[in-house]
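All chains are named by letter (A, B, ...) in the order of the sequence lines, taking the proteins before the strands, and each is independently numbered beginning at 1. Just so it is clear, the model here is predicted, and its values are computed rather than measured. These values consider heavy atoms only, across backbone and side chains, with no hydrogens, waters or symmetry-generated copies.
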Amino acid sequence: MNRALYVAKTGLEAQDFRLAAISNNLANANTYGYKAGRAEFNDLLYQNVRQPGAQANQDESSTLPSGLQLGTGVKAIGVQKIHTQGNAMVTDNQLDVMIQGNGFFQVLDQDGNINYTRDGSFQVNQNGDLVTSAGHLVEPNINIPLNSTEVFIASDGTVSAKLPGDPTPAQLGQLQLATFINPAGLDSIGQNYYKESLASGTPNVKAPQTEEAGSLLQGALESSNVNTVEELIGMIEAQRTYEMNSKAIKAADGMMSYLNNNV
Amino acid sequence: MDRMLYISMSGAKEAMYAQANNANNLANANTDGFKQDFNQFRAQHMQGPGWQTRTYSMDERPATDFTPGAVKVTGRNMDVMTPAEGFMAINSPDGKEALTRTASMQVTPEGDLVDINGNPMLNEGGAPINLPPFKDINIGSDGTISVIPADATNNQFVAIDQLRLVKPDTKQLEKDESGFIRYTGDDNLEQGGVKVLSGALETSNVNTAEALVDMIEFSRKYEMQVKMMKTSKEHSQSSDKLLSLN
């Protein structure tokens with residue numbers, strides 16, 4: 001069978017994959033705490049059709065100065081999450097918290113496992129516990145009294161509330177942040193959550209404002225770090241490369257059909 | 001059987017190889033750091049007793065084009081590239097040094113600095129690079145890696161290591177079967193003299209317009225060979241007819 005046909009097919013698949021990664025970024029251009037993913041590619045193995053230095057013929061002095069190694073195409077090796085800081089969106093909502101730094105909030109899922117997120121659009125559930133907008137408890141648990149008039153979240157994570165008749169705010173607890181040596185290796189599980197993976201390393205839990213965790217900003221959210229201009233350019237590039245590869249398929253097909261019709 | 005058929009078959013077969021090579025270049029038109037392969041045909045005379053009237057064609061990959069690709073600014077400070085001549089060194093899975101012009105670097109949980117495929121980046125001494133936990137990282141133009149350590153009280157960068165940067169003669173470079181660029185010279189390459197740009201990646205250097213034109217050319221060449229095969233078939237048919245008994 002014609003090799004070029006299969007090589008060009010890998011090119012089509014790679015660009016298709018890239019377009020899927022781009023559309024996911026664009027779809028999440030307005031998702032708080034979303035981190036853009038970048039499709040990464042590698043060339044596939046090369047096949048030795050003729051080894052350089054092989055005997056060209058019976059004459060021993062005649063060897064091939066250069067052989068023929070044919071590449072077998074391209075492969076998508078993954079979508080790399082780019083963990084740069086998103087812009088601050090000031091919401092003035094007192095339970096919105098943004099991380100300025102590398103840390104992640106810790107959230108308990110329904111099975112009690114810890115997930116990590118940078119989406120700090122918190123709310124309060126019926127018991128007064130601080131939860132994410134999906135209703136998952138923030139770890140460590142912060143309980144906000146029902147009669148509190150105002151909640152303060154300091155840049156070091158200390159949460160305090162003003163209670164009626166008391167001029168000094170009462171301390172309720174301190175938010176903690178987890179950092180990873182390789183955040184790009186975290187497992188994205190959707191709903192703005194990440195899970196620890198072998199590649200990310202183990203979480204390092206610390207109070208905000210210590211080491212690389214970053215500080216907190218109340219009344220703001222981190223917007224997605226998707227650069228829409230960049231994504232649109234990537235989209236054009238992916239589409240054009242797709243077209244070129246489909247031309248290569250057409251050419252390979254043309255060669256085969258010519259052979260079939262003429263010999 | 002007329003040898004003409006075999007000669008044109010060789011032409012058609014080698015045109016198909018060339019088309020595959022060209023398709024590989026096109027398929028990697030968006031692969032960062034990919035270097036396109038050249039393609040050439042060579043006349044291969046029939047040797048041995050008999051008339052030297054026949055010449056087979058042979059396709060080969062004489063070399064790889066090491067001209068730099070375009071600069072793609074990504075803004076991620078662990079994306080690095082060498083903007084002019086020169087390469088960075090990585091450790092390939094077989095333990096030997098390979099060269100690359102661009103790397104989207106990552107840090108493993110153990111703090112090792114690796115490229116996107118997990119191959120360790122090498123330092124000026126040819127050893128893998130290990131980084132302490134850090135708040136921020138910066139790659140200097142001479143390949144110096146400096147970080148603000150995670151436990152630092154003041155935000156001052158501390159130089160940790162330097163990337164291995166070499167400037168080999170591109171004539172002594174070759175691409176191996178895994179796509180790694182290898183230095184084939186005997187001497188050890190010297191460190192330095194190469195600039196590094198951080199926050200950018202080098203795109204593939206495939207010239208797509210040229211590849212598309214080549215693609216048409218290979219297709220047409222192939223058709224010509226097939227036409228010769230057809231002509232040869234017609235020749236044999238007519239000679240068969242002349243010699244037929246009825």
Side-chain angles (χ1 to χ4, degrees), chain A residues 2-4 7-8 10-11 14-15 18 38 40-50 56-59 64 66-74 77 80 82 84 101-102 179 181-182 184-185 198-202 204 211-212 237-238 241 244-245 247-248 251-252 254-255 258-259 262-263, chain B residues 12 15-17 19-32 34 37 40 44 47-48 58-63 74-76 104 106-111 116-117 131 133-136 148 150-152 175-179 208 211-212 215-216 218-219 222-223 226-227 229-230 233:
Chain A
N2 195 333
R3 274 165 212 264
V7 173
T10 67
Q15 296 312 317
R18 183 173 185 201
R38 185 171 73 195
E40 302 272 357
F41 303 106
N42 240 355
D43 42 352
L44 281 168
L45 293 180
Y46 287 75
Q47 286 179 328
N48 255 335
V49 178
R50 263 190 297 273
N57 50 46
Q58 295 274 308
D59 180 4
L64 300 175
S66 54
L68 177 59
Q69 284 125 305
L70 290 179
T72 48
V74 63
I77 50 173
Q80 188 191 1
I82 310 291
T84 53
N102 299 332
T179 60
I181 190 157
N182 181 26
L198 201 64
S200 70
T202 48
N204 212 335
E211 301 185 359
E212 75 274 32
E237 201 180 38
T241 314
M244 282 187 286
N245 279 290
K247 275 224 156 68
M255 283 160 86
Y258 194 83
L259 180 71
N262 285 284
V263 171
Chain B
M16 222 148 168
Y17 281 151
Q19 191 72 286
N21 182 59
N22 197 48
N24 185 56
N25 284 344
L26 266 182
N28 284 291
N30 266 344
T31 306
D32 291 331
F34 178 79
D37 293 315
Q40 80 172 21
Q44 193 66 25
Q47 306 268 330
M58 197 171 79
D59 182 38
E60 42 184 20
R61 184 183 88 176
T74 61
R76 179 177 173 269
S104 178
Q106 314 268 324
V107 182
T108 66
E110 292 78 36
I116 184 82
N117 295 308
L131 301 174
F134 56 85
K135 284 183 199 171
D136 202 359
I148 301 178
D151 50 4
K175 205 194 265 183
D176 75 2
E177 282 98 333
S178 310
T208 49
L212 286 172
M215 190 167 82
I216 296 170
F218 292 141
S219 292
Y222 180 85
E223 285 177 15
V226 172
K227 201 155 215 146
M229 287 154 80
K230 193 183 173 192
K233 183 172 128 189

Which of [options] touches chain A most, by non-hydrogen pairs under 4.5 Å:
| options | answer |
| --- | --- |
| B:S104, B:G111, B:S178, B:A29 | B:S104 |
| B:K175, B:E223, B:K227 | B:E223 |
| B:N21, B:N28, B:N30 | B:N30 |
| B:E177, B:R76, B:Q106, B:Q19 | B:E177 |
| B:A63, B:P133, B:S219, B:A211 | B:S219 |
| B:N25, B:I148, B:D151, B:N117 | B:N117 |

Which portion of [X] sits near chain B, non-hydrogen atoms under 4.5 angstrom:
| X | answer |
| --- | --- |
| A:Q47 | neither |
| A:E237 | both |
| A:V49 | side chain |
| A:T72 | backbone |
| A:I77 | side chain |
| A:Q69 | both |
| A:N262 | both |

A:V7: partners by side chain to side chain contact (heavy atoms under 4.5 Å, CB included), with sequence neighbours left out: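 Partners of A:V7 by the side chain to side chain contact (heavy atoms under 4.5 Å, CB included) criterion, ordered by chain and then number, come out as B:A23, B:N24, B:A27.
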A:N182 side-chain N/O to A:A199 backbone N/O, donor-acceptor pair under 3.5 Å: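 Checked: pair present.
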Do any N or O atoms from the side chain of B:T31 and from the backbone of A:N42 form a donor-acceptor pair under 3.5 angstrom?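 Checking the backbone N and O of A:N42 against the side chain of B:T31, no donor-acceptor pair under 3.5 Å is found.
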Quick one: does A:N2's side chain get under 4.5 Å of B:M16's, heavy atoms only?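 Yes - at least one pair of side-chain heavy atoms lies under 4.5 Å apart.
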Taking the side chain as every heavy atom from C-beta outward, state whether B:R61 and B:Y17 have any atom pair closer than 4.5 Å.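 Answer no - side chains too far apart.
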Per-residue contact mode, [X] against chain A (heavy atom under 4.5 angstrom):
| X | value |
| --- | --- |
| B:T108 | backbone |
| B:D37 | side chain |
| B:L212 | side chain |

From CZ (A:R38) to OG1 (B:T74), nearest 0.5 Å: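 Reported to 0.5 Å precision, the distance equals 5.0 Å.
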When rounded to the nearest 0.5 angstrom, what distance separates CD in B:Q44 from CG in B:D59?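 Rounded to the nearest 0.5 Å, the CD-CG separation comes out at 12.5 Å.
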Among A:G201, A:A14, A:G11, A:G71, which residue has the highest count of heavy-atom pairs closer than 4.5 Å to chain B?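 Max contact count across the listed options: A:G71.
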Which one wins on heavy-atom pair count under 4.5 Å against chain B: A:A8, A:A251, A:A252?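 Of A:A8, A:A251, A:A252, A:A251 has the most heavy-atom pairs under 4.5 Å with chain B.
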Testing the 3.5 Å rule here: is there a donor-acceptor pair between the side chains of A:R18 and A:T241?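 Not at all, the side chains of A:R18 and A:T241 share no donor-acceptor pair under 3.5 Å.
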